[in-house]
Asks: 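Could you have a look at this structure, given as structure tokens, before my questions?
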Amino acid sequence: MSVSAIRPVVLVTGSSRGIGLAAAKALAAEGFAVAVNGPLDDAELRAAVAAVSAIGPCVAAAFDVTDIAGHDAALAAIEAALGPLTTLVNNAGVGVLSRGDLLEVSEASWDRCLGVNAKAAFFLAQAFAKRVLARARDESVFHSIVNVTSSNAVAVAVQRSEYCASKAAAAMVSKALAVRLGPENIAVYDVQPGLIATEMTAPVIEMYRKRAEDGLTLFPRVGTPEDIGAIIASLATGKLPYTTGQVISADAGLLVPRF
């Protein structure tokens, strides 16, 4: 990067581990200054910051994404440390409190999934967009929002119905943002991972690994956080020019209709 170049700045939510951490590392390798987020300033967040800092500029951004009233202050602190934000990766997400019959889903599990996976992403994107639009911008600098949803935005997993509903809502948020922000030259993407080996999927991933090998996915393997991180970095760096509102099915062909 030349001295005169503007360094892109990204906030990756839920980036103390898993897909978020892989994305943070990939973005740092692409020249981004990175704000690594987790709900608490704990050992896990500090370890993630150390790992990303070994690649490029990085700060900890410890805040709860569900604290809507705190979003603007959190973004302001990031910008004070790294410079104007150019990119938001809405990756923070939670699973269900308990897998089971749809008829037994609790209100607490529903509210938790919708609150983190859809509501928080919507309002954080809103706060980010308002900050970007309130200042003069170099139009040569690519600005984007990348939302990480799930194949379950489309495909039902009946034992995790509230999770599916939250990801479907987040997918529509991505479309709405793309429509609103396209005229402002801010791209919006929806990355929908399939079977990815993370801490969240650890209890069931071996079962899905066997199913992938048996043909559930077109590539006979489960994915890695690094696979998704590379996709996110490609989108955030504008490597898919003249695109917005796209759904990236990062699922090894899981949802391709077959006979």
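Source: prediction; values computed, not measured.
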Asks: When you compare the side chains of Thr237 and Glu30, does any donor N or O come within less than 3.5 Å of an acceptor on the partner?
Replies: no

Asks: Count the heavy atoms belonging to other residues, nucleotides or ligands that lie under 6.0 Å from NZ of Lys130, then report whether that count exceeds 12.
Replies: no

Asks: Taking Ala92's backbone N and O only, do any of them form a donor-acceptor pair with Thr13's side chain (distance below 3.5 Å, no angle check)?
Replies: yes

Asks: Counting N and O atoms only, with roles assigned by atom type, does the side chain of Asn91 sit under 3.5 Å from a partner on the main chain of Val148, one being a donor and the other an acceptor?
Replies: no

Asks: Can you see which heavy atom on Pro193 is nearest to which on Ile228, and at what distance?
Replies: CB-CD1, 4.1 Å

Asks: Please report the C-alpha distance between Leu195 and Thr201 in whole Å, then the side-chain angles of each, then the deciding distance to 0.1 Å, and finally whether the side-chain contact (heavy atoms from CB on, under 4.5 Å) criterion is met.
Replies: CA-CA 8 Å; Leu195 311 177; Thr201 62; over 6 Å; no

Asks: Return the CD to CG distance between Gln246 and Asp190, rounded to the nearest 0.5 Å.
Replies: 10.5 Å

Asks: Does a sphere of radius 6.0 Å around CD in Glu139 hold more than 12 heavy atoms from other residues, nucleotides or ligands, not counting ones at 6.0 Å or beyond?
Replies: yes

Asks: Nearest 0.5 Å please: distance from the NZ atom of Lys167 over to the OG atom of Ser151.
Replies: 10.5 Å

Asks: Looking at Leu85, is its backbone amide N or carbonyl O close enough to the side chain of Glu79 to form a donor-acceptor pair, meaning the two atoms are under 3.5 Å apart?
Replies: yes

Asks: Tell me whether Thr244 contacts the main-chain N or O of Val188 through its side chain, where contact means a donor paired with an acceptor under 3.5 Å.
Replies: yes

Asks: Please report the closest heavy-atom contact between Ser166 and Leu114, naming both atoms and the distance.
Replies: CB-CD2, 3.7 Å

Asks: Are any of the side-chain nitrogens in Glu206 or Arg209 under 4.0 Å away from the carboxylate oxygens of its partner?
Replies: yes

Asks: For Thr66 and Asp64, test the side chains for any donor-to-acceptor distance below 3.5 angstrom and give the result as yes or no.
Replies: yes

Asks: Looking at Asn117 and Val94, would you say the former's side chain and the latter's main chain have a donor-acceptor pair under 3.5 Å?
Replies: yes

Asks: Please round to the nearest 0.5 Å and tell me the distance separating atom CZ of Arg99 and atom OG of Ser109.
Replies: 11.0 Å

Asks: Is a donor on one side and an acceptor on the other found under 3.5 Å between the side chain of Arg258 and the backbone of Val256?
Replies: yes

Asks: What distance do Asn90 atom CG and Ser174 atom OG have between them, rounded to the nearest 0.5 Å?
Replies: 8.0 Å

Asks: Distance check, rounded to the nearest 0.5 Å: Ser144 atom OG versus Phe128 atom CZ?
Replies: 7.0 Å

Asks: Stepwise, does the side-chain contact (heavy atoms from CB on, under 4.5 Å) test hold for Glu184 with Arg137?
Replies: CA-CA 11 Å; Glu184 306 292 351; Arg137 276 184 289 153; 4.1 Å; yes

Asks: Nearest 0.5 Å please: distance from the OG1 atom of Thr217 over to the CG atom of Leu254.
Replies: 7.0 Å

Asks: Give a yes-or-no answer on whether the side chains of Ser249 and Asp251 include a donor-acceptor pair shorter than 3.5 Å.
Replies: no

Asks: Leu88, Val116: one ILVMFWY side-chain cluster at the under-4.5 Å cut-off?
Replies: yes

Asks: Given 3.5 Å as the limit, does a donor-acceptor pair link the side chain of Asn37 with the main chain of Phe63, or not?
Replies: yes

Asks: Using a 3.5 Å distance criterion without hydrogens, assess whether the side chain of Arg46 forms a donor-acceptor pair with backbone atoms of Asp41.
Replies: yes

Asks: For a side-chain contact (heavy atoms from CB on, under 4.5 Å) check, start with the C-alpha distance between Ile78 and Arg131, then their side-chain angles and the critical distance, and finish with the verdict.
Replies: CA-CA 12 Å; Ile78 292 166; Arg131 296 186 75 85; over 6 Å; no

